[in-house]
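Read the structure below first, then the notes.
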Amino acid sequence: MMTAKSAHDFAPPRLGLPDLGPGVGLRHPHFAHILEHGAGVGWFEIISENYIDNYGHSRYVLDQIREQCAIVMHGVSMSIGSTDPLNMLYLQKLKELSRELNAVWVSDHLCWTGVAGINTHDLLPLPLNEESLQHVIRRIHTVQDILERPLILENPSTYLQFRHSTFSEAQFLASLCAETGCGLLLDVNNVYVSAYNHGFDAEEYIDTLPAEHIVQIHLAGPTDCGDYLIDTHDQPVPEAVWKLYAQAMQRTGGVSTLLEWDATIPPYPVILEELGKAQHVLKGQIPATGIQSAAGVSHPLQGLFAITGETACTSLP
């Protein structure tokens, strides 16, 4: 079982946001165990959209849990990179939920999820150039004005790159931080997946990010599909990702760390055991865990092809 931090242990190292220590994503299959046996961690991350306008059993459980644990909100629908107008109703509901839950911070992804009113339900990459940079900067300012707090952006796993890109993703994120004061959710699994798929240096990526803006780290396990990796969140964290985690924690001096496990979800004690490996990694004990292979995993960009009819990409598995 993980040792939860008490309130006096929370320190605000960056953007006025605390280091919450180790946490996990709150998932429905674990509700009963958590309510009966306790959380075993000091905080949970929820998927924001699962609780907007939801006052059923899931919200009842969340209200019980948040009396003892901190809550962080993680969204998948902001579509900060889309050319569609920002959804103001969604943002207002996001703000209301964050106030109701006293959420420590609100995060989403550097991506777009659709255009012309079509939602692909995928976290799609965008061209990384000066035009898109200024576009996203303006939208981040708007979101932060509405939420009245810094927006925390996560680097997504990507499966293509655009010919018109003139920034690396790490450079793009660093520029967003400098211009908007936003924070970063560094998903080291996503860095590894994208680096494998596109052939860039994962360690250099992490070194390029402004460490003072990284407020959270994600850990997860991808699936090996041969020529590329898919971010499936359905298995233990592999050795290569643990090594990137150690690098990131050294650069930041320590930030909130969360384990994601969203498919083939094991019992809650297994989740805590996997998260507990993070403490050993920080002592130099890297688990020698490989990446499992799987056939027939659907490609995350099928929705993009349906909209555009073309890829305009430089690399695609």
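The two residues C69 and V41 make their nearest non-hydrogen contact at SG-O, 3.7 Å. A pairwise comparison of heavy atoms in S48 and L97 identifies O-CD2, 3.7 Å as the closest pair. Taking both residues in full, the closest heavy atoms of C182 and L151 are given as CB-O, 3.1 Å, listed atom of the first, atom of the second, then distance. Minimum heavy-atom separation, V104 to A70: CG2-CB, 3.9 Å.
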Could you go through D122 and Y159, starting from their C-alpha distance and side-chain angles, then the distance that decides it, and tell me whether this counts as side chain to side chain contact (heavy atoms under 4.5 Å, CB included)? CA-CA 12 Å; D122 277 315; Y159 308 92; over 6 Å; no
Taking it one step at a time, do T223 and Q235 satisfy side chain to side chain donor-acceptor pair (under 3.5 Å)?
CA-CA 8 Å; T223 296; Q235 54 187 283; 3.2 Å; yes
| How far apart are the C-alpha atoms of D108 and I152, what are their side-chain angles, what is the distance that settles it, and do they pass the side chain to side chain contact (heavy atoms under 4.5 Å, CB included) test? | CA-CA 6 Å; D108 209 292; I152 312 302; over 6 Å; no
Chi angles and distances behind the side chain to side chain contact (heavy atoms under 4.5 Å, CB included) call for L275, I271 = CA-CA 6 Å; L275 178 62; I271 296 291; 5.5 Å; no
(message) side chain to side chain contact (heavy atoms under 4.5 Å, CB included), that's the test. Do L133 and F172 meet it? Break it down for me.
(response) CA-CA 7 Å; L133 176 66; F172 195 90; 3.6 Å; yes
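At least one donor-acceptor pair closer than 3.5 Å links the side chain of D19 to the backbone N or O of S256. For R27 (side chain) and D262 (main-chain N/O), no donor-acceptor pair under 3.5 Å exists by modelled atom type. Remark: side-chain polar atoms of W112 are paired, donor with acceptor, to backbone N or O of P125 under 3.5 angstrom. At least one donor-acceptor pair closer than 3.5 Å links the side chain of E274 to the backbone N or O of V237. A donor-acceptor contact shorter than 3.5 Å links the side chain of N155 to the backbone of D187. Side chain of S132 to main chain of P127: a donor-acceptor pair is present (N/O by atom type, distance under 3.5 Å, no hydrogens or angles). A donor-acceptor distance shorter than 3.5 angstrom exists from the side chain of R14 to the backbone of A211, with no hydrogens or angles considered. With hydrogens and angles ignored, the 3.5 Å screen pairs no side-chain donor or acceptor of T180 with any backbone N or O of A178. Between the side chain of Q247 and the backbone N or O of E203, at least one donor-acceptor pair lies under 3.5 Å. The main-chain N or O of L244 is never found under 3.5 Å from a side-chain atom of W242 such that the two would form a donor-acceptor pair.
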Return a table of donor-acceptor pairs under 3.5 angstrom between the side chains of residues 73-90 and protein atoms on other chains or two or more places apart.
unit_1: H74; atom_1: ND1; unit_2: S107; atom_2: OG; d: 2.6
unit_1: H74; atom_1: NE2; unit_2: H109; atom_2: NE2; d: 3.3
unit_1: H74; atom_1: NE2; unit_2: E154; atom_2: OE1; d: 3.0
unit_1: S77; atom_1: OG; unit_2: E49; atom_2: OE2; d: 3.2
unit_1: S79; atom_1: OG; unit_2: T113; atom_2: N; d: 3.0
unit_1: S79; atom_1: OG; unit_2: T113; atom_2: OG1; d: 3.3
unit_1: S82; atom_1: OG; unit_2: D84; atom_2: N; d: 3.0
unit_1: S82; atom_1: OG; unit_2: G114; atom_2: O; d: 2.9
unit_1: D84; atom_1: OD1; unit_2: A116; atom_2: N; d: 2.9
unit_1: D84; atom_1: OD2; unit_2: A116; atom_2: N; d: 3.0
unit_1: D84; atom_1: OD2; unit_2: G117; atom_2: N; d: 3.0
unit_1: N87; atom_1: OD1; unit_2: L89; atom_2: N; d: 3.2
unit_1: N87; atom_1: OD1; unit_2: Y90; atom_2: N; d: 2.9
unit_1: Y90; atom_1: OH; unit_2: E49; atom_2: OE2; d: 2.6

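When only modelled atom types and interatomic distance are considered, N197 and S194 share no side-chain donor-acceptor pair under 3.5 Å. Residues H218 and E45 bring a donor and an acceptor atom of their side chains to less than 3.5 Å of each other. A donor-acceptor pair shorter than 3.5 Å can be found between the side chains of E130 and Q134.
L219 has its side chain within reach of V188: a pair of non-hydrogen atoms, C-beta onward, lies under 4.5 Å apart.
Partners of P269 according to the side chain to side chain contact (heavy atoms under 4.5 Å, CB included) rule, which considers only residues two or more places apart in sequence or in another chain, are H33, P267. With sequence neighbours left out, the side chain to side chain contact (heavy atoms under 4.5 Å, CB included) criterion links N54 to S58, R59. For H30, the ring-ring contact (aromatic ring centres under 6.0 Å, His included) partners two or more places apart in sequence, or in a different chain, are Y268. Under the side chain to side chain contact (heavy atoms under 4.5 Å, CB included) criterion, A170 pairs with S168, Y205, T208, L209, not counting sequence neighbours.
Ring geometry, W105 versus W43: the interplanar angle falls from 30° to 60°, so the pair is classed tilted. Using the six-membered ring where Trp is involved, Y196 and Y192 have ring planes that are tilted, between 30° and 60° apart.
Atom CD of Q250 has 12 or fewer neighbouring heavy atoms from other residues, nucleotides or ligands inside a 6.0 Å radius. Within 6.0 Å of atom CD in Q68, 12 or fewer heavy atoms from other residues, nucleotides or ligands are found, so the atom counts as exposed in its surroundings. Few gaps surround CD on E239; more than 12 heavy atoms of other groups in view lie less than 6.0 Å from it.
Judged as a salt bridge (charged side-chain N to carboxylate O under 4.0 Å, His left out), the pairs with a partner in residues 138-153 (not counting sequence neighbours) are, in order, K95-E148, R99-E148.
Atom CG of residue L184 and atom CD of residue E212 lie 9.0 Å apart, to the nearest 0.5 angstrom.
By the criterion of side-chain heavy atoms lying less than 4.5 angstrom apart, applied directly or through intervening Ile, Leu, Val, Met, Phe, Trp or Tyr residues, L272 is not grouped with V270; the two fall into different hydrophobic clusters.
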